[in-house]
Structures are given as C-alpha cells and as structure tokens.
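Heads up, the thing below is written out as structure tokens.
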Protein chains: 2
Amino acid sequence: MNIRHLTFRLLQVFVSVVTTGSYSEAARRLHLTQPTVSQQLKRLAEAVGVPLFTAQGNQWQLTDAGRELYRACVDVLGRFDDFDDYLSELEAGKKGRFSIALVNTAQYVLPRILGPYSHAFPQVEVTVEIGNRQQVLARFDRQLDDLYVFSHPPASEATCAGRFLRNPLVVVAPKGHPKAESEHLSLSHLLDERFLLREPGSASRMLFESWLQSQGLTLGATLQMASNEAIRIGVSSGMGLAVLSRHVLPAQDVGLTILPVEGFPLESHWHFIARRDCRLPRAAFGFLQFVEQSLDQCLDPQWTENHVGDMLKSLG
Amino acid sequence: MNIRHLTFRLLQVFVSVVTTGSYSEAARRLHLTQPTVSQQLKRLAEAVGVPLFTAQGNQWQLTDAGRELYRACVDVLGRFDDFDDYLSELEAGKKGRFSIALVNTAQYVLPRILGPYSHAFPQVEVTVEIGNRQQVLARFDRQLDDLYVFSHPPASEATCAGRFLRNPLVVVAPKGHPKAESEHLSLSHLLDERFLLREPGSASRMLFESWLQSQGLTLGATLQMASNEAIRIGVSSGMGLAVLSRHVLPAQDVGLTILPVEGFPLESHWHFIARRDCRLPRAAFGFLQFVEQSLDQCLDPQWTENHVGDMLKSLG
DNA sequence: CTCTTGCATAGATTATCATCTATGCCAAGT
DNA sequence: ACTTGGCATAGATGATAATCTATGCAAGAG
C-alpha cells in the first residue's frame with residue numbers, strides 16, 4: 001500500500017460509495033459525476049494495491065480488503081472529526097492555554113477577574129507570572145507570555161494596550177498620624193518624614209518621582225523595600241510614609257490612614273498588553289473578551305475603566 | 001479545516017517534524033530538502049486553518065492545535081499501519097475467506113486436506129458447498145464459489161484445473177459374493193445382477209456408462225439412489241452391485257467386497273478448478289499452495305497425483 | 001565579528017489530481 | 001425488442017501538489 005497517494009478526499013468518496021451502496025448515488029451526494037467516482041475508486045484501489053470490489057457487471061461487493069479499508073476509513077475520518085471539534089472549541093476560546101505576566105501590584109486585583117474567568121472556562125489553562133516591573137518587562141521583551149499587565153505600557157510598536165482599571169496612588173500614614181485630619185495638606189509638609197519606596201523602575205515609584213519633580217520637590221530620607229506588602233506593614237508600624245496603590249490597601253485597614261495630600265491621589269491605570277508581533281492564543285483573546293464583558297461583575301465599578309473593547313478591535 | 005486538502009504524506013511530514021523536533025532533521029530522514037518540509041508544513045497549516053507552530057525565529061513550539069493535530073496524526077497513521085498489516089496478512093493468504101464447492105464424492109477426501117489447512121490458517125474462513133455434479137456445475141456457471149472440485153472439469157475457457165487425486169472406480173459387492181474370488185472376472189458375467197447407480201450426470205455414473213458403451217455392454221436392472229452413502233449401505237445389505245469411488249469405501253468395511261473385474265478399477269481423477277475470469281481470493285490461492293506442499297501429508301500417497309503446482313503457475 | 005545552523009521565501013518544473021463530457025456496455029424491466 | 005439505470009473507459013483540462021535550487025535572514029557558537 002502506498003500511503004503517500006492516499007487523500008482524505010479519496011477515503012470520503014470510498015466511504016460514501018460503501019454506505020450508499022452505489023457509485024451513482026454516491027456521486028449525487030458528493031455533487032460529482034459518476035465517472036469521477038469510478039476513477040477515484042480506481043485510484044484508491046491502486047494506492048492500496050489490492051482490489052476493493054469484486055465486480056460482477058452491474059453488481060459489486062466489497063472484498064475483504066475493501067471491508068477492512070472501510071473500517072479504517074470510518075475510524076480515521078471519525079478521528080479527524082474529533083480533531084475538528086477540538087479545533088472549533090479552540091477557536092471559540094473554550095480550550096487551550098495562555099500565560100499572563102503581572103507586575104506585583106496587579107496581583108491584588110487580577111485574581112478577581114481570573115477567578116470568575118477560569119470558572120467560566122474551566123478547560124483553559126492559565127499560567128500567571130508575577131514580578132516587578134523590570135522582570136515583567138524582560139519577559140515582555142523576550143516574548144515569554146501571551147498577555148501582560150502594566151501600569152505604563154512599554155513603548156514598542158509591538159505593544160497593544162487596553163486600559164481597564166484605575167490605579168490611584170495615595171499617600172498612606174500610620175493610623176493617628178498628626179496630619180491625618182488636615183485640610184490643604186501639601187506634600188511639602190511631609191518631606192521631613194521618611195518615605196518607604198519600592199525599587200527604582202517600579203511603576204508607582206516612577207510615577208511618584210516624576211510628580212515630585214514636576215512639583216520641584218525632593219524627598220528626604222527614604223527606605224527601599226521590595227514589596228508593597230512589606231511597605232504596608234512598615235507604614236502601619238510607624239517606619240514612615242508611603243505612596244501606594246489604593247488597591248494594595250485592604251478595605252478596612254486599622255493600622256493605616258490615607259493622608260489627604262493635595263494633588264493626590266495620583267491617577268494611573270492598569271492595562272492589558274498584548275504583543276502585535278506574536279500570535280495571541282485564541283484562549284487569551286477569549287479571556288480579553290471575557291474581561292470586556294464581565295469586568296464590572298468582577299471588580300468594584302468605581303475603579304473600572306473598561307477600554308478592553310478597543311484593544312480587541314485593534315487586535316482584529 | 002478543509003479535510004479535502006489533507007494528504008497522508010502531509011501528516012507524515014508533520015509527524016516527522018514533531019518527533020525530530022527539527023525541520024532540517026525531518027527533511028533528512030524523509031529524503032527531502034528542508035524547504036520542501038517548510039512548505040509542506042505551511043500547506044498543512046493552511047489546510048487545517050490555524051497555525052500549528054509558534055515561530056520565534058529559529059526556535060518553534062507547537063501550538064495547542066498543533067499538539068492535538070499531532071495526536072490525531074499518530075492515531076490515524078497508526079490506524080493505517082494496522083490496515084497495512086492486515087493487508088500483508090491478506091496478501092500472504094493468512095487471512096480472508098474463500099468458498100469451495102465439491103461434488104458429493106469428494107466430500108470423502110477433502111476434509112482430510114481442509115482439516116490440516118484450517119489448522120494451519122485458522123484466520124481463513126472456508127465455506128464448503130456440496131452438491132451433485134449438476135448442482136456444482138450450476139454454481140460454477142454462476143460464479144458463486146472461488147474453487148471447485150470436479151472429476152471432469154467443465155469445458156470452458158474460464159476453467160483452470162489442477163489434478164490432485166486418483167479416483168479409482170471399483171465394482172463393489174456384498175461380502176461373500178460368489179464371484180469375489182474369481183480370476184478373469186468380466187463385467188459381462190455380472191450383467192444379470194442389479195446395479196445401484198447415482199443420478200445421470202454424476203461423474204462416476206458417466207464414466208461407468210461410457211466404459212460400458214465402449215465394451216458394448218448394457219446393464220440389466222438398475223436402481224437409482226441419490227447418495228454414495230445410500231448406495232454403499234444398499235450394496236452391503238444385498239440390494240445389488242455398484243461402481244463406486246474407492247474413496248467412498250472405508251478402509252475396512254466388513255459388509256463389502258471389491259470384485260476384481262477386468263478393466264477395473266476405472267481410473268479417473270479429481271481436480272481443483274478455479275475460474276480464470278474471476279479474481280481468486282488470495283486465501284484460496286494460499287489454500288492451493290498449501291495443497292501443493294502438503295498433499296502427501298494429508299492423504300495416502302498411493303492416491304495422490306499432485307499437479308496443483310502447474311495450476312498455480314498457470315494462474316500466475 | 002564571522003561562521004554555522006536552521007528556517008523562510010521565491011521561482012521553476014514536473015507529475016498528478018480532480019473533474020468534466022461523451023460514449024460504450026451490460027443487465028434488468030416493460 | 002426497447003428503454004433505463006448503473007458502471008467503465010477515454011480524452012481533455014485547469015488546478016495544485018511535490019519537489020527542487022538558489023538565496024535570504026536570524027540566532028548561537030567560536
């Protein structure tokens with residue numbers, strides 16, 4: 001048998017002939033002419049290397065080889081139907097996998113979206129990578145993930161961003177801070193306090209510093225800490241003040257207070273980022289569609305700012 | 001997915017690439033050039049409708065669809081390998097089926113061949129049809145069977161015969177028949193006895209009658225019986241004499257004796273017959289090959305006369 | 001920095017496929 | 001005897017498959 005000359009089309013024709021029991025009938029069903037069917041079967045028999053039919057004039061029967069070939073065809077075509085089904089589901093974003101890389105801060109909110117999503121699409125396998133801005137940026141450059149979440153999307157032509165959440169930065173102080181009740185509190189009044197900061201390059205620190213610069217201010221004592229969590233604990237235990245994403249603060253945190261500093265909260269936003277130069281897995285696309293539709297069910301609408309639809313449009 | 005453009009060749013190439021992990025290596029193994037492989041994969045992806053690889057320059061990975069396609073390919077190619085195995089066995093005559101039609105008399109000897117044969121080829125399904133000469137001839141004309149056994153092969157261009165067994169016809173009488181010990185016993189001395197005969201047209205009767213004619217003799221009383229068995233019993237119970245195939249008589253039959261009539265035994269032979277105008281199933285061919293090789297192990301060599309080899313040659 | 005390795009692309013060629021129309025042949029009904 | 005339905009054969013044709021050589025390009029190894 002020369003498998004190289006076998007076409008699925010050939011098998012289809014063969015199966016059709018066997019099931020209908022007639023060349024002509026098969027031809028009709030396949031929208032072919034009868035001679036075409038005859039010839040296809042001839043070629044099939046050639047490819048297989050043995051006769052498939054015993055022809056006695058008008059009436060024919062399958063040979064043993066033909067019978068067995070029929071079984072094989074049914075199996076094989078069935079297998080590919082299964083594959084086709086799989087493809088459809090894949091296409092619909094119901095199956096598959098994708099990975100998403102988050103900057104640290106975003107891990108406080110993203111689970112609220114990912115949870116409902118993976119409940120709705122249990123067959124999609126999501127991998128979440130978490131790192132600081134620099135690390136996630138490195139992953140972005142090396143195209144390691146399918147989606148990214150940044151506050152400040154990297155400047156690259158490949159970047160395709162969709163804003164989805166406000167990310168207000170507030171000045172936090174330990175509970176009972178003397179200036180907590182002030183009106184018209186300016187940051188300049190706080191410059192003698194120690195500030196706890198994330199590492200340079202972190203989005204919140206960058207934003208804060210550029211704001212300071214625009215105000216012509218310079219911080220005094222600072223202390224660098226690697227995580228928002230550590231900073232939060234640090235502030236509440238009186239190590240100093242900090243500028244943190246509002247989302248980092250629990251709804252009720254007894255140890256902290258937000259200072260009503262003028263110019264604050266600093267407004268920034270989180271974005272979903274995809275690369276235009278990488279194929280976005282259908283499942284990731286499906287995730288974005290889910291976000292577009294269900295964002296407000298996942299997160300408090302006071303923070304949401306759903307531009308994911310635009311992103312989807314731009315991704316085609 | 002457009003299954004009509006899928007070729008098994010395409011799948012093979014794909015599988016080879018996936019298993020080797022490299023286009024170039026796959027090309028080497030398949031004795032193709034690397035660009036060919038590239039293009040085949042491109043076409044495959046087109047046919048499937050979704051990308052199969054995520055290409056990051058030199059390094060690529062399978063997409064989900066690609067992974068699943070690979071599974072499908074392995075299944076499908078495996079299924080056809082199975083089919084191919086089946087074909088080989090079919091080709092070797094180890095599997096399949098055939099039918100053989102016997103004239104009545106041959107049923108006394110053919111089981112001695114068919115038994116060992118189906119022991120050696122348990123996966124071949126043999127159908128044995130039995131009838132008198134006329135009935136078997138009718139089956140031959142209607143091409144109902146794959147092989148036939150006749151004493152006198154039908155005269156047709158389609159006939160391809162191979163002699164395999166002597167079929168001596170002897171005159172049998174009840175044990176203790178007065179002429180049993182005679183020397184120079186001529187049939188003319190027996191014409192006053194009643195003869196038990198098979199139906200007209202049966203090979204043994206035809207042969208006997210034409211011999212009678214050549215000797216210028218005519219039978220007296222006759223009695224027609226439908227089976228050799230009935231005749232044998234009839235003779236042993238004294239109803240008369242008969243001319244029977246030697247093979248019909250058990251090795252030791254206490255009730256019968258063979259009369260040493262001059263000119264007897266009449267020599268005839270059994271033949272296997274195939275039709276040249278019908279495809280002979282490979283299994284039937286295998287059966288004939290078995291007969292050619294093992295005839296003497298199945299039947300007493302004093303009767304065998306193995307010309308089946310010639311028949312096989314003539315069948316190609 | 002250069003060389004090698006591995007994949008992609010372009011262009012060309014031959015084989016073969018897929019399909020048609022026209023026609024022939026055979027068996028079965030009417 | 002004639003028609004009809006069903007298969008085979010022949011010849012033609014446009015599409016496309018399979019394969020090559022030549023060349024480009026990018027990443028990793030020396």
Side-chain angles (χ1 to χ4, degrees), chain A residues 2-49 51-63 66 141-144 158 277-279, chain B residues 2-49 51-63 66 141-144 158 277-279:
Chain A
N2 193 350
I3 205 171
R4 293 178 49 164
H5 292 145
L6 285 187
T7 313
F8 279 75
R9 178 59 166 169
L10 234 45
L11 304 191
Q12 284 181 324
V13 171
F14 176 64
V15 165
S16 191
V17 166
V18 173
T19 51
T20 62
S22 149
Y23 285 35
S24 312
E25 180 55 26
R28 260 170 251 129
R29 295 207 189 173
L30 297 168
H31 306 295
L32 296 174
T33 61
Q34 167 268 313
T36 302
V37 172
S38 282
Q39 202 204 330
Q40 297 285 67
L41 292 185
K42 205 159 147 197
R43 289 205 314 108
L44 179 60
E46 262 166 39
V48 170
L52 304 172
F53 301 98
T54 60
Q56 266 141 37
N58 238 342
Q59 216 44 36
W60 49 261
Q61 274 194 316
L62 283 177
T63 61
D141 285 337
R142 295 167 59 202
Q143 314 188 1
L144 292 182
D277 54 357
C278 279
R279 197 185 93 85
Chain B
N2 193 350
I3 204 171
R4 291 178 49 161
H5 292 147
L6 285 187
T7 313
F8 278 75
R9 179 58 164 171
L10 235 45
L11 304 191
Q12 283 182 325
V13 172
F14 176 64
V15 165
S16 191
V17 166
V18 173
T19 52
T20 62
S22 149
Y23 285 34
S24 311
E25 179 56 25
R28 261 170 251 129
R29 295 206 191 175
L30 297 169
H31 306 295
L32 295 174
T33 60
Q34 166 269 314
T36 302
V37 172
S38 283
Q39 202 206 330
Q40 297 285 69
L41 292 185
K42 204 159 147 199
R43 288 206 314 108
L44 179 61
E46 262 166 38
V48 171
L52 304 173
F53 301 98
T54 59
Q56 266 141 36
N58 238 342
Q59 217 44 38
W60 48 261
Q61 275 193 316
L62 283 177
T63 61
D141 284 337
R142 294 167 59 202
Q143 314 188 3
L144 291 182
D277 55 356
C278 281
R279 198 185 94 84

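A, B, ... follow the sequence lines: proteins, then strands. Residue 1 opens every chain. Computed from heavy atoms alone, side chains included, the values below leave out hydrogens, waters and symmetry copies.
Every residue two or more places apart in sequence or in another chain was checked for a side chain to side chain donor-acceptor pair (under 3.5 Å) with B:Thr63, and none qualifies. Applying the side-chain contact (heavy atoms from CB on, under 4.5 Å) test to A:Leu62 and every residue at least two apart in sequence or in another chain returns A:Phe14, A:Val18, A:Phe53, A:Arg67. In this structure, the side-chain contact (heavy atoms from CB on, under 4.5 Å) partners of A:Gln39, at least two apart in sequence or on a different chain, are A:Arg43. For B:Ser38, the side chain to side chain donor-acceptor pair (under 3.5 Å) partners at least two apart in sequence or on another chain are B:Gln34. Taking the salt bridge (Lys or Arg N to Asp or Glu O under 4.0 Å) definition, one finds that B:Glu46 meets it with nothing, sequence neighbours left out.
Within the 4.5 Å cutoff, the side chain of A:Phe8 has no heavy atoms near those of the B:Leu10 side chain.
For the pair B:Lys42 and C:dT9, the criterion of a side-chain N or O lying under 4.0 Å from OP1 or OP2 is met. OP1 or OP2 of C:dC7 lies within a sub-4.0 Å distance of a side-chain N or O belonging to B:Ser22. Neither OP1 nor OP2 of D:dT9 sits under 4.0 Å from any side-chain N or O of A:Ser38.
Per the geometry, CG belonging to A:Leu11 stands 14 Å off P belonging to C:dC17, to the nearest Å. Between the CD atom of B:Gln61 and the P atom of C:dC7 there is a distance of 14 Å, given to the nearest Å. Protein atom CZ of B:Phe8 is 16 Å distant from nucleotide atom C1' of D:dA17, rounded to whole Å. Atom CZ in B:Arg29 sits about 13 Å away from atom P in C:dG6, given to the nearest Å. The distance from atom CG of B:Leu44 to atom C1' of C:dA8 is 17 Å, rounded to the nearest whole Å. For A:Leu41 and C:dC17, the CG to P distance is 14 Å, given to the nearest whole Å. Rounded to whole Å, atom P of D:dT16 lies 15 Å from atom CG of B:Leu10. One interatomic measurement links the two molecules: CD of B:Glu46 to P of C:dA8, which rounds to 13 Å at whole-angstrom precision.
Counting only residues at least two apart or in different chains, side-chain hydrogen bond (donor to acceptor under 3.5 Å, both in side chains) contacts with residues 10-27 of chain A comprise A:Glu25-A:Arg28, A:Glu25-A:Arg29. Among residues at least two apart or in separate chains, there is no salt bridge (Lys or Arg N to Asp or Glu O under 4.0 Å) pair with a member in residues 5-18 of chain B.
Comparing the axis of the opening five pairs of the helix from C:dC1-D:dG30 to C:dT30-D:dA1 with that of the closing five pairs yields an angle of 20°, rounded to 10°.
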Task: Protein proximity profile, nucleotides 19-24 of chain D - base contact B, sugar-phosphate-only contact S, no contact -, cut-off 4.0 Å on heavy atoms - done: BBBB--
- [ ] Please report the C-alpha distance between A:Leu44 and A:Thr7 in whole Å, then the side-chain angles of each, then the deciding distance to 0.1 Å, and finally whether the side-chain contact (heavy atoms from CB on, under 4.5 Å) criterion is met.
- [x] CA-CA 9 Å; A:Leu44 179 60; A:Thr7 313; over 6 Å; no
